2 protein chains.
Amino acid sequence: MSIPEYWPAPASSGAARAQRPSRRSGQRRAEILRAATAVFGERGYANGSLNEIAERVGMTHAGVLHHFGSKEQLLIAVLEYRDDADVAELEGHHAPRGAALLDHLVETAQNNAERRGIVQGYTALLGESVTEEHPARQFFTDRYTGLRDMVTSAIADATGRSADDPLVSSAASVVIATMDGLQTQWLLDPSSVDMREAVRLTVEALVARLRQA
Amino acid sequence: MSIPEYWPAPASSGAARAQRPSRRSGQRRAEILRAATAVFGERGYANGSLNEIAERVGMTHAGVLHHFGSKEQLLIAVLEYRDDADVAELEGHHAPRGAALLDHLVETAQNNAERRGIVQGYTALLGESVTEEHPARQFFTDRYTGLRDMVTSAIADATGRSADDPLVSSAASVVIATMDGLQTQWLLDPSSVDMREAVRLTVEALVARLRQA
DNA sequence: CCTACCGATCGGTAGG
DNA sequence: CCTACCGATCGGTAGG
């Protein structure tokens, strides 16, 4: 499973340069991950090739495979890389856990309208992931389980209902579904939809509905 | 653009058998369309091969290409075929145009829970369609424009608001987005979501919200 | 990291 | 509709 490292050490690897191969290798991996994120986002996973990824970082596809072992492992790394970035951003600004999470989601919808590449990558891979034996399937399944839990407790918090209330978990699924579905519509036709307003309306309507009765 | 027909006429093509080649060809095309729908649904378009489609109807991939010209044209035919089926079903049961459409969508969500293959095919192709230069892109763009119009007028009807009200068109986008997004969550984990209840809640909450103020 | 290669598979065409 | 073929491309491996 591990990736052997048998290429020659850099000629200038004495004490003069503090950069060990592992440091450079880490940078190179990050470059590949960025390129792979872009290519899978533009073309999808099935249609994105290692060759195109490799060209964008100035190496051959064999070089990419050296770093990541297989196309599938590269995809997994891309997904985790994206996840890390999301988490970092969440924690950087604030890590809202209660009702404030709902406002944060409205903000996210707005911000996403200026990150087309990222939205497209997410939507394309998510869509592909429901196909048979797709390597991203487990990743997204787990991710949505976690997302639903977070949003469920946020809605419980905002409405004073129990997180076990079926209406609450339904509402959580709906909020997430709305964000995903709006992204698809927006990607197909950006002028057709105001993602921020639509998410805001959804959250408002659901919370109001769950507050009564 | 047209597909030439130069294969030999059936040996038994006299007056005894009323089946002209065009009739048989039409049946064969329908078989291919069904197989292609299944394969693209299971594997996606990029990952689904003409060879697998051909095998399922007992011919070679060249035979499939004879009938449809190219893989891309086959995809377009599949999408139109699916669309025709949807329309036929809509008109068969009832063609609800006003507020009744909203109830019909709740029913559709319920019915979809027993048509996993169809839902998966739709979700996978829709997700792929947002990638660069994807052949299904125009199809889905047009489809969503039409869907939004229908649902917008249904919501206007149900709430007494104008179809030009931005809240109404936002709500329409949300209803459609919800259905799509829920399907994805359900495909990833069928036990995680009650599609019917979630759509019902969404419609109810949005209509209630738009009825006030 | 590259070169050089592999087998497999792809969509499409020619030609009947 | 098939056989037979094409060039292109794919992911992956060997070996340094």
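Just so we're clear, the structure is a prediction, and the values are computed from it rather than from any experiment. Numbered from 1 within each chain, the chains take letters A, B, ... in sequence-line order.
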Quick check for you: to the nearest 0.5 Å, what is the distance between A:Leu50 atom CG and A:Ile32 atom CD1?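 The distance works out to 10.0 Å.
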Pair [X], [Y]: side-chain N/O donor-acceptor within cut-off below 3.5 Å:
{"X": "B:Asp142", "Y": "B:Gln138", "value": "yes"}
{"X": "A:Asp180", "Y": "A:Tyr144", "value": "yes"}
{"X": "B:Glu107", "Y": "B:Asn111", "value": "no"}
{"X": "A:Thr178", "Y": "B:Thr178", "value": "yes"}

Which one, [options], comes nearest to the side chain of [X]?
{"X": "A:Ala62", "options": "D:dG12, D:dT13, D:dC1", "value": "D:dT13"}
{"X": "A:Lys71", "options": "D:dG11, D:dC2, C:dC2", "value": "D:dG11"}
{"X": "A:Leu50", "options": "C:dG11, D:dG12, C:dC2", "value": "D:dG12"}

Let me know the distance between [atom1] of [X] and [atom2] of [N], rounded to the nearest Å.
{"X": "B:Glu52", "N": "C:dG11", "atom1": "CD", "atom2": "C1'", "value": "15 Å"}
{"X": "A:His66", "N": "D:dA14", "atom1": "NE2", "atom2": "P", "value": "15 Å"}
{"X": "A:Glu55", "N": "D:dC10", "atom1": "CD", "atom2": "C1'", "value": "14 Å"}
{"X": "A:Leu74", "N": "D:dC10", "atom1": "CG", "atom2": "P", "value": "14 Å"}
{"X": "A:Tyr45", "N": "D:dG11", "atom1": "OH", "atom2": "P", "value": "8 Å"}
{"X": "A:Arg28", "N": "C:dC2", "atom1": "CZ", "atom2": "C1'", "value": "12 Å"}
{"X": "A:Leu65", "N": "C:dC1", "atom1": "CG", "atom2": "P", "value": "13 Å"}
{"X": "B:Asn51", "N": "C:dC10", "atom1": "CG", "atom2": "P", "value": "6 Å"}

Short side-chain N/O contact from B:Ser70 to OP1 or OP2 of C:dG11, under 4.0 Å: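 No, outside the criterion.
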Just to confirm, is there a sub-4.0 Å distance from OP1 or OP2 of D:dC10 to any side-chain nitrogen or oxygen of A:His61?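 Looking at the OP1 and OP2 atoms of D:dC10, neither is under 4.0 Å from any side-chain N or O of A:His61.
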Could you tell me whether A:His134 and A:Tyr45 have their ring centroids closer than 6.0 angstrom?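 Distance test on ring centres: under 6.0 Å, yes.
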Assign A:Ser49 to base, sugar-phosphate, or nothing according to its heavy-atom contacts below 4.0 angstrom with the strands shown.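 It contacts sugar-phosphate atoms only.
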Verify, without hydrogens or angle tests, whether B:Ser170 (side chain) and B:Leu167 (backbone) share a donor-acceptor contact under 3.5 angstrom.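 Pair absent, no side-chain N/O of B:Ser170 close to backbone of B:Leu167.
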Stem list, DNA chain C (Watson-Crick or G-U pairing under 3.5 Å, at least 3 consecutive pairs):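 As far as DNA chain C goes, consecutive pairing (with distances under 3.5 Å) yields the stems C:1-16 with D:1-16.
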